[in-house]
Amino acid sequence: MFVGDSISMNQRESLVCLLHAAVPDSKIIVESNPLYSNTTFEDYGVSILLFLTHYLVDIKEEQIGRVLKLDSLKNGNIWKDMDVLVFNTWLWWYRSGPTQPWDYIEDGGKVLKDMDRMGAFRKALTTWGRWVDTDVDAGKTKVFFQGISPQHYNGTDWNKLGVTNCAKETTPISGSTYPSGLPTAEYVVKDVLSTIEKHVQLFDITTLSQLRKDAHPSSYNAFKGMDCTHWCVAGLPDTWNQLLYVTLTN
Ligand SMILES: *[C@@H]1O[C@H](CO)[C@@H](O)[C@H](O)[C@H]1NC(C)=O
């Protein structure tokens, strides 16, 4: 099960396509309910699920409005039945304005209008880490946390001053060093993962993805905006899945 935002959806789509290409005649059953969707390759007894959640922690409708609760994680009961979990959250942490999907943020019993977003991200990840330690059966479930999936909107990051998106990018960065280094959030991820006692593997896709400024849908996407956030499905997410496969089979 992939658990996270639309980057998880991106990776899950790629995995289903890869599997379908390998076994094109296998019967596929697709089910969805309000919480998750499930694609089952019936002949193989393999299900690939997607649980969409922007923040991993809960958003609750209360009298004052929608409250993002940094200390509350209620969907874990569904997640913990899985054999493999791949988590990711990052995209929505700096969202503000009309598309921010919460009105208040609750931190340690205090309800606030807003707070330092990187701090909020760290607290939510910590809550998630505590859930892993208390609820995951490490003998049954392998847990991965996907590193930060980078965006390409600021050319300064790859030494092209003044460039504000990935529209004209047609080649990867050569070499294996990304000029701006790792995003700050990746250090937060590493830091929180180091506090979890159970085995959680960092599925570390950040640097290799930073190098692929050419791999976004850019203007060739469904919503007609400039998308330098997601990835062309038959592209970088395939590489992620191949790496995941190697990790799982070793
Ligand atoms: C791009 O990144 C540079 C270096 O981190 C920063 O100084 C600049 O403000 C950023 N530009 C935009 C448009 O965010």
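Just so you know, ligand 1 is whichever comes first in the structure, and atom 1 is the first atom listed for that ligand.
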Between W240 and Q146, is there a side-chain donor-acceptor contact under 3.5 Å, judged purely by atom types and distance?
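No - no donor-acceptor pair under 3.5 Å links their side chains.
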In terms of relative ring orientation, are F87 and W131 parallel, tilted or perpendicular, with 30° and 60° separating the classes?
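Perpendicular: the ring planes of F87 and W131 meet at over 60°.
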According to the interplanar angle, ranging from 0 to 90°, do the rings of Y36 and F51 count as parallel (below 30°), tilted (30 to 60°) or perpendicular (above 60°)?
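Ring orientation, 0 to 90° scale: parallel.
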Less than 4.0 Å between atom 2 (O) of ligand 1 and some protein heavy atom, yes or no?
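Yes.
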Return yes when at least one protein heavy atom is under 4.0 Å from atom 11 (N) of ligand 1, and no when none is.
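Under the 4.0 Å cut-off, atom 11 (N) of ligand 1 does have protein heavy-atom neighbours.
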Please write down residue, atom name and distance for the protein heavy atom closest to atom 14 (O) of ligand 1.
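Its nearest protein heavy-atom neighbour is N154 ND2, 3.7 Å.
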Starting from atom 4 (C) of ligand 1, find the nearest protein heavy-atom neighbour and note its residue, name and distance.
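Protein heavy atom at minimum distance: T156 CG2, 3.9 Å.
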Would you mind telling me which of W93, Y94, W92 makes a ring pair (Phe, Tyr, Trp, His ring centres under 6.0 Å) with W90?
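The ring pair (Phe, Tyr, Trp, His ring centres under 6.0 Å) with W90 is passed solely by Y94 among W93, Y94, W92.
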